[in-house]
Amino acid sequence: MSLQLYNTRTRAVEPFAPVRAPDVTMYVCGLTPSAEAHLGHARSFLFFDVLRRYLVHLGYRVTYVRNVTDIDDRSIATAQAEGVSFSAVVARHLASFNRSMDRLHVLEPDHEPHATAYIGQIVAMIGSLIDGGHAYVAADGVYYAVGSFACYGALSGRNTDELLIGARIAPGEDKRDPLDFALWKFAKAGEPAWASPWGAGRPGWHIECSAMSHALLGEPLDIHGGGFDLIFPHHENEIAQTEALYGGPMANMWVHGGLLLFDGKKMSKSLGNFEPLSDLLDRHDAQAIRLLFLQAGYRKPLNFTEPSIEGATSGLRRLQSAYDALRAAPAAGAAQSSARAVVESYERRFFVALDDDMNTSAAVAVLFDLTSEARALEDAGAGSLAAAFMHEALGLIGLDPSQRVHPNDDPHRILHADFVSRLSSMLGDVVRFNGAAASPEAAIAAVIKARNRARLAKDFRLADRLRIALSDVGVHLHDTKEGTTWTVVA
RNA sequence: GGCGACGUAGCCAAGCGGUAAGGCGGAGCUCUGCAAAAGCUCUAUUCCCCAGUUCGAAUCUGGGCGUCGCCUCCA
């Protein structure tokens with residue numbers, strides 16, 4: 001079994017066969033930081049993060065490039081409205097985006113090229129396109145002549161006749177054909193501009209990806225990815241630019257992620273129906289968001305709702321507690337061979353699912369199945385074996401099993417600042433706290449100790465009082481055979 | 001209007017010719033002095049509708065109905 005992926009260009013699931021194996025080149029269209037990133041961006045980059053992790057797992061040496069289109073009409077407009085430079089607008093949104101990617105455990109790409117850092121390569125490429133008869137200089141910029149590229153429309157399944165219906169030239173555009181698109185836009189007064197042989201201006205959308213992917217990875221790319229909404233015109237235009245110059249295919253495998261819907265509609269900048277990703281991450285667990293996306297097929301549209309993210313949060317908690325239990329299971333000598341075989345069968349099913357066009361939904365289901373059988377595996381001495389597999393599997397899909405949904409490891413984040421003094425004022429008569437300087441952990445431990453003493457003495461009134469007091473400040477106790485544990489529920 | 005995707009339990013969702021994965025929720029139960037956010041069990045005779053192909057269809061074909069996307073900036 002080997003990895004199969006759906007190729008948009010051929011509309012079929014195909015074996016993944018990198019041309020220079022074990023080296024793999026992967027270019028994904030990244031962010032245009034003209035506005036705050038939203039959950040839709042997160043879905044796309046989360047998927048490619050998992051694909052990249054899996055390719056690395058399979059032994060490929062992946063070079064992953066995710067670009068930043070840091071110059072476009074919209075950021076210029078925002079900058080002018082706010083009276084700041086476009087680069088300030090871009091820097092602000094990009095910093096916020098990168099913080100969110102960190103919180104989601106999206107690994108950094110190997111290269112994150114900015115369009116404005118590749119103006120030289122862009123200008124050179126436009127020059128070559130003009131020389132080759134694929135582009136022309138007009139009054140307001142340089143345009144790509146779509147009619148000069150016979151295969152135009154192959155990726156998106158369109159032909160130029162269909163596209164021409166309804167197509168029109170916008171006022172102020174001096175192009176010859178309505179389908180032609182801008183490679184270089186001459187600057188108007190007050191707009192940022194770079195020098196070019198044809199006049200000062202800025203690159204049009206599309207050419208930056210052709211130039212940067214060529215500069216960093218060359219042709220053909222093993223994988224070129226992005227959201228479904230980029231198929232047309234963005235990727236179609238990238239193909240027209242790149243293939244007109246290099247003859248062969250720009251990429252062998254075109255991978256597109258399904259869009260995120262919000263209230264049944266596409267989440268997008270233009271519709272304005274989105275919450276900034278950074279705000280959403282303040283309200284919901286980042287790993288639960290990752291699990292939610294993983295539980296759906298990457299190519300299908302996904303409607304985001306509050307109940308769905310809450311469900312994913314519960315599911316994640318279950319996965320984590322099962323992992324904890326497996327890891328804590330006593331090493332009872334060698335695992336029984338039947339138990340070993342069971343763990344191996346889960347392992348096989350998990351990887352078969354990922355090989356099948358990254359069926360993460362089925363892969364996650366395998367993990368939940370294992371969770372159901374965890375107790376039996378522990379009893380058969382296969383606890384640590386199963387824990388090792390779960391650790392590997394969760395890591396592979398970017399879920400960090402050591403990070404809690406209820407962050408016991410960082411209770412200060414949600415506990416009140418005066419936690420210890422509040423507890424002390426409620427229970428000072430029965431529990432000795434080491435003054436206000438005591439840490440929340442130490443204070444909780446002191447209460448648990450006092451309560452267990454009370455339970456042993458059958459003083460259940462006091463034991464209940466201690467439980468309730470902790471509950472009032474946001475700490476829930478859970479008695480187990482191994483002792484009393486606590487979680488923060490504030 | 002053109003092109004494309006999708007419609008599976010209360011909700012999310014996999015499966016895409018061999019007799020309905022998984023998650024959430026719900027119900028019941030277990031352990032517990034109490035409490036669980038802990039564990040266990042159950043939870044679709046059926047896959048939008050209608051016709052057809054087939055020994056057999058959620059899966060294929062044709063026709064409806066509905067939702068969404070692209071065709072203009074978009075992950």
Side-chain angles (χ1 to χ4, degrees), chain A residues 8 11 28-32 34-35 37-48 66 69 72-74 77 153 156-159 161-168 170 179 205 225-234 236 256-261 264-271 291-292 294-297 299-319 321-322 324-325 349 353 356 359-369 371-372 374-375 405-406 454-455 458-461 463-464 467-468 471 476-481 485 487-489:
Chain A
T8 304
R11 317 233 159 186
V28 171
C29 288
L31 195 71
T32 301
S34 58
H38 56 67
L39 235 209
H41 298 112
R43 184 186 187 197
S44 180
F45 301 135
L46 232 15
F47 168 69
F48 287 107
R66 192 185 68 202
T69 300
D72 77 312
D73 293 356
R74 191 182 290 262
S156 56
R158 290 151 210 264
N159 61 59
D161 293 341
E162 282 168 4
L163 286 166
L164 272 169
I165 300 168
R168 62 194 57 182
L179 298 184
W205 187 41
F228 254 89
D229 54 349
L230 294 183
I231 295 172
F232 189 90
H234 185 54
E236 201 68 74
H256 292 98
L259 299 181
L260 186 82
L261 307 181
K265 295 273 183 222
K266 175 183 168 184
M267 186 178 274
S268 77
K269 293 172 193 172
S270 55
L271 289 175
L291 179 61
L292 176 69
L294 254 17
Q295 283 186 291
R299 288 196 281 126
K300 286 196 178 179
L302 175 65
N303 192 22
F304 179 82
T305 62
E306 288 292 320
S308 66
I309 182 62
E310 283 159 16
T313 307
S314 301
L316 177 64
R317 207 178 287 136
R318 221 181 107 214
L319 240 25
S321 78
D324 284 348
R349 283 173 56 203
D356 180 17
N359 190 338
T360 54
S361 179
V364 167
V366 171
L367 263 22
F368 276 106
D369 284 345
T371 294
S372 302
R375 190 59 62 84
V405 179
H406 290 305
R455 291 168 76 205
K458 304 259 185 239
D459 183 354
F460 296 125
R461 270 184 67 131
D464 285 348
R467 173 191 282 289
I468 291 163
S471 167
H476 176 82
L477 296 183
H478 178 204
D479 298 321
T480 71
K481 289 193 187 85
T485 62
T487 47
V488 178
V489 293

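Below, chain A is the first sequence line, B the second, and so on; all start at residue 1. This one's a predicted model, so the numbers in the text were calculated from it and none came from an experiment.
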Please state the [atom1] separation for the pair [N] and [M] - nearest whole angstrom.
N: B:rG15; M: B:rC42; atom1: P; value: 24 Å
N: B:rG23; M: B:rG17; atom1: C1'; value: 27 Å
N: B:rG2; M: B:rG64; atom1: P; value: 13 Å
N: B:rC40; M: B:rC31; atom1: P; value: 15 Å
N: B:rA13; M: B:rC6; atom1: P; value: 13 Å
N: B:rA14; M: B:rA21; atom1: C1'; value: 6 Å
N: B:rA37; M: B:rC60; atom1: C1'; value: 47 Å
N: B:rU46; M: B:rU41; atom1: P; value: 26 Å

> Which heavy atom of A:His256 sits nearest a heavy atom of A:Phe228, and at what distance?
Replying inline: O-CE1, 3.4 Å
Given [options], identify the nucleotide with an atom nearest to the side chain of [X].
X: A:Ser321; options: B:rG33, B:rG39, B:rG2; answer: B:rG39
X: A:Arg317; options: B:rA37, B:rA21, B:rA75; answer: B:rA37
X: A:Leu259; options: B:rG69, B:rG2, B:rA37; answer: B:rG69

> Say you draw a straight line from NZ of A:Lys300 to OG of A:Ser361; how long is it, rounded to the nearest 0.5 Å?
Replying inline: 9.0 Å
Can you confirm whether [X] sits close enough to [Y] that some side-chain heavy atom of one is under 4.5 Å from a side-chain heavy atom of the other?
X: A:Leu31; Y: A:His41; value: yes
X: A:Leu39; Y: A:Met267; value: yes
X: A:Phe304; Y: A:Leu261; value: no

Between protein and nucleic acid, restricted to nucleotides 24-27 of chain B and to nitrogen or oxygen atoms under 3.5 Å apart, what atom pairs and distances do you find?
unit_1 : atom_1 : unit_2   : atom_2 : d
B:rC24 : OP2    : A:Arg318 : NH1    : 3.3

What's the [atom1]-[atom2] distance between [X] and [N], to the nearest Å?
X: A:Asn303; N: B:rA13; atom1: CG; atom2: C1'; value: 13 Å
X: A:Leu292; N: B:rA13; atom1: CG; atom2: P; value: 9 Å
X: A:His476; N: B:rC34; atom1: NE2; atom2: P; value: 14 Å
X: A:Lys300; N: B:rG4; atom1: NZ; atom2: C1'; value: 15 Å
X: A:Arg299; N: B:rA5; atom1: CZ; atom2: C1'; value: 10 Å
X: A:Arg455; N: B:rC34; atom1: CZ; atom2: C1'; value: 9 Å
X: A:Arg43; N: B:rC12; atom1: CZ; atom2: P; value: 14 Å
X: A:Leu179; N: B:rU72; atom1: CG; atom2: C1'; value: 13 Å

So, does the side chain of [X] form a donor-acceptor pair with the base of [N] at under 3.5 Å?
X: A:Asn359; N: B:rG15; result: no
X: A:Arg74; N: B:rC73; result: yes
X: A:Ser361; N: B:rA21; result: yes
X: A:Arg467; N: B:rC34; result: yes

> If you measure from the Lys or Arg side-chain nitrogens to the Asp or Glu carboxylate oxygens, is any gap between A:Asp479 and A:Arg467 under 4.0 Å?
Replying inline: yes
> Taking a pair as Watson-Crick or G-U wobble with both distances under 3.5 Å, which nucleotide is matched to B:rA44?
Replying inline: none
>> Taking pairing as Watson-Crick or G-U wobble with both contacts under 3.5 Å, can you name the mate of B:rC3, or confirm there isn't one?
In response: B:rG69
Under 4.0 angstrom, heavy atoms only, what part of the nucleic acid is [X] near: base, sugar-phosphate, or nothing?
X: A:Gly40; result: base
X: A:Thr305; result: nothing
X: A:His256; result: nothing

> Can A:Glu236 and A:Ser156 be counted as having a side-chain donor-acceptor contact under 3.5 angstrom?
Replying inline: yes
